[in-house]
Amino acid sequence: MGARGAGRLWWGTVSCTLFLAVNGLYSASDDVIELTPTNFNKEVIQSESLWLVEFYAPWCGHCQRLTPEWKKAATALKGVVKVGAVDADKHQSLGGQYGVRGFPTIKIFGANKHKAEDYQGGRTSDAIVEAALSALRSLVKERLSGRSGGYSSGKQSRESGGGDKKDVIELTDDTFDKNVINSDDVWMVEFYAPWCGHCKNLEPEWAAAATEVKEQTKGKVKLAAVDATVNQMLAGRYGIRGFPTIKIFQKGEDPVDYDGGRTRSDIIARALDLFSDNAPPPELLEIISEDVLKTTCDAHQLCIISVLPHILDTGASGRNSYLDVMLKMAEKYKKKMWGWLWTEAGAQSDLESSLGIGGFGYPAMAAVNARKMKFALLKGSFSEQGINEFLRELSVGRGSTAPVGGGAFPKIHSVEPWDGKDGELPVEDDIDLSDVDLDDWDKDEL
């Protein structure tokens with residue numbers, strides 16, 4: 001049986017549910033409060049309580065080891081300090097709001113709920129409880145001294161200075177076009193009236209979201225505000241009939257209404273979606289060293305690895321056509337935040353073997369979960385349609401997986417990066433036959 005056939009047999013016998021679908025670590029019976037984008041604002045941000053919140057991913061080994069300690073701490077602190085958990089793998093927008101880059105990440109939400117502190121202590125229940133009580137003592141002292149602002153209910157008017165609006169850009173009839181129209185950035189603009197009660201309630205949420213969005217998108221998505229009672233030219237141009245009205249402006253497109261929720265988390269989630277839609281696709285990197293493979297696959301939940309035919313088989317134009325297909329798919333699935341890699345057939349033969357590619361049948365593609373050391377192989381054609389169907393199945397938790405051969409990535413050879421040119425056959429050494437008497441040689445042979 002050929003290597004490809006053996007790979008198919010192995011594949012069929014080691015089938016399992018796709019590794020993206022994993023259950024959460026906490027249940028309703030625990031004293032840990034499960035938090036989502038739907039209830040986070042009400043439970044945490046609007047709360048007067050001190051909160052410890054764990055941002056986790058179900059597939060994360062460190063998170064799984066923390067779970068019993070986190071539950072034990074929650075039980076010990078019940079009625080004193082609130083202990084919550086966010087499945088940040090499932091609710092990525094909520095994790096993104098708080099700069100979660102690894103798991104588990106623990107945040108302490110104290111007096112100022114819009115400025116959570118990172119917990120850097122030990123991962124035992126004793127250490128967690130001690131840190132919670134220390135933070136609680138600090139909170140009480142702040143309240144005694146009158147320095148605690150607590151949660152802003154948003155009742156203050158704009159004139160009274162309620163909330164920190166430093167990152168909300170105030171626009172007028174005179175400054176709007178210069179800043180917004182033809183800007184390469186995305187703008188979310190609130191049209192408000194100072195006397196509007198709903199506008200007053202939105203103000204602190206809009207201000208807090210503006211700061212977070214500025215940080216998360218490096219200023220590529222901006223939150224702004226227009227007093228529509230003063231700047232009536234703008235209000236008329238955009239048909240503002242009620243307050244607050246929020247519109248989204250993107251270069252080359254007509255403005256659209258924002259009709260999402262009015263909480264900080266809702267606004268941030270929409271802003272991050274807009275940022276993803278306008279962000280460049282992830283890099284497509286050639287595997288020229290072990291560092292490239294490990295860095296990419298360790299930093300992403302999935303890394304998509306393609307093995308392309310040898311340059312002598314396709315030439316530069318053929319290879320570029322395959323790379324173009326990968327780049328289009330990277331663009332299409334950029335919100336997934338996957339890593340994208342490629343290598344030439346034979347350059348990393350041990351890696352090919354560990355992924356069941358078998359040494360022939362190029363181009364080939366595998367989606368690898370480096371944390372679980374499992375992979376799925378593209379069975380269809382290496383085309384936009386074939387790869388799209390493959391990745392779509394992965395996205396919805398369907399498909400089959402197999403363990404990476406040997407349970408870990410094999411040795412990766414350091415190679416020179418492709419120079420973008422057609423391949424050349426190796427030059428053979430010239431043989432000097434000037435001193436050879438061919439007539440005598442023929443006679444000897446006879």
Side-chain angles (χ1 to χ4, degrees), residues 37 40-41 55 88-89 91-102 105 107 114-116 163-172 174-192 202-226 234 238 244-285 295-296 299-301 327-340:
F40 194 90
N41 186 70
F55 293 83
D89 188 50
H91 306 297
Q92 294 182 15
S93 63
L94 193 51
Q97 292 173 33
Y98 295 100
V100 175
R101 294 289 179 268
T105 292
K107 300 272 186 181
H114 297 307
K115 290 187 178 180
D164 185 354
K165 306 188 294 265
K166 64 183 177 65
D167 294 313
V168 176
I169 302 169
E170 290 285 344
L171 297 170
T172 67
D174 294 329
T175 63
F176 187 91
D177 287 358
K178 179 181 177 181
N179 283 279
V180 179
I181 304 302
N182 295 323
S183 170
D184 291 327
D185 300 327
V186 178
W187 288 75
M188 298 178 71
V189 181
E190 174 205 1
F191 293 83
Y192 72 92
L202 174 63
E203 181 187 358
E205 303 295 320
W206 194 249
T211 298
E212 194 69 34
V213 169
K214 180 180 178 181
E215 179 180 341
Q216 292 295 318
T217 69
K218 309 301 181 187
K220 293 298 183 182
V221 179
K222 294 178 166 60
L223 270 63
V226 173
L234 285 174
Y238 295 111
T245 293
I246 300 171
K247 289 187 176 286
I248 298 168
F249 295 82
Q250 299 183 78
K251 186 175 182 179
E253 299 181 17
D254 292 333
V256 296
D257 289 331
Y258 167 77
D259 54 7
R262 299 297 174 86
T263 67
R264 171 182 183 246
S265 59
D266 291 326
I267 297 162
I268 292 173
R270 183 71 177 100
L272 293 181
D273 280 343
L274 290 166
F275 175 66
S276 296
D277 290 340
N278 290 273
E283 286 188 286
L284 174 56
L285 302 175
T295 299
T296 302
H300 302 88
Q301 186 181 2
L327 287 169
K328 287 178 181 177
M329 292 297 101
E331 167 71 31
K332 184 178 181 66
Y333 288 90
K334 65 183 178 181
K335 287 186 179 181
K336 297 296 182 182
M337 305 298 286
W338 294 338
W340 295 78

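Any value given below was found using the heavy atoms of this structure, including those in side chains, with hydrogens, waters and symmetry copies removed.
- More than 12 heavy-atom neighbours from other residues, nucleotides or ligands sit within 6.0 angstrom of NZ on Lys107.
- The ring pair (Phe, Tyr, Trp, His ring centres under 6.0 Å) search around Phe40 returns Tyr98, Phe109, not counting sequence neighbours.
- Side-chain contact check for Glu190 versus Val168: every heavy-atom pair is 4.5 Å or farther apart.
- Sorted by first and then second residue, the pairs that involve residues 252-267 and meet salt bridge (charged side-chain N to carboxylate O under 4.0 Å, His left out), not counting sequence neighbours, are Glu212-Arg264, Lys247-Asp257.
- Rounding to the nearest 0.5 angstrom, the gap separating the CG atom in Leu327 from the CH2 atom in Trp340 is 9.0 Å.
- Remark: the backbone N or O of Ala224 is paired with a side-chain donor or acceptor of Trp206 at under 3.5 angstrom.
- In plain terms, the two heavy atoms of Asn179 and Ser183 that are nearest each other are O-CB, 3.3 Å.
- For the residue pair His300 and Trp338, the shortest heavy atom distance occurs at CD2-C, 3.6 Å.
- Between Trp187 and Leu171, some side-chain heavy-atom pair lies under the 4.5 Å cut-off.
- Legend: residues meeting side chain to side chain contact (heavy atoms under 4.5 Å, CB included) with Ala271, ordered by chain and number and at least two apart, are Met188, Val213, Val221.
- Judged as a salt bridge (Lys or Arg N to Asp or Glu O under 4.0 Å), and not counting sequence neighbours, the contacts of Glu331 are Lys334.
- With values rounded to the nearest 0.5 angstrom, Asp177 atom CG is found 9.0 Å from Asn182 atom CG.
- With a 4.5 Å cut-off on side-chain heavy atoms, Asp167 and Leu223 do not count as touching.
- Rounding to the nearest 0.5 Å gives a distance of 4.5 Å between CG of Asp89 and CD of Gln301.
- Taking all atoms of both residues into account, the shortest heavy-atom contact from His91 to Pro37 is ND1-CD, 3.3 Å.
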Task: Derivation and outcome, side chain to side chain contact (heavy atoms under 4.5 Å, CB included), residues Leu272 and Gln92 - done: CA-CA 10 Å; Leu272 293 181; Gln92 294 182 15; over 6 Å; no

- [ ] Would you please test Ile248 and Arg270 for side chain to side chain contact (heavy atoms under 4.5 Å, CB included) and show each step?
- [x] CA-CA 10 Å; Ile248 298 168; Arg270 183 71 177 100; 3.9 Å; yes

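- Residues passing the salt bridge (Lys or Arg N to Asp or Glu O under 4.0 Å) test with Asp273: none are found, sequence neighbours excluded.
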TODO: Take Ile267 and Ile246, measure what side chain to side chain contact (heavy atoms under 4.5 Å, CB included) needs, and give me the verdict at the end.
DONE: CA-CA 10 Å; Ile267 297 162; Ile246 300 171; 5.6 Å; no

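- The aromatic rings of Phe176 and Phe191 sit tilted relative to each other, their planes meeting at an angle between 30° and 60°.
- In this structure, CG on Leu284 lies 10.0 Å from OG1 on Thr296, to the nearest 0.5 angstrom.
- Legend: residues meeting salt bridge (Lys or Arg N to Asp or Glu O under 4.0 Å) with Asp184, ordered by chain and number and at least two apart, are Lys251.
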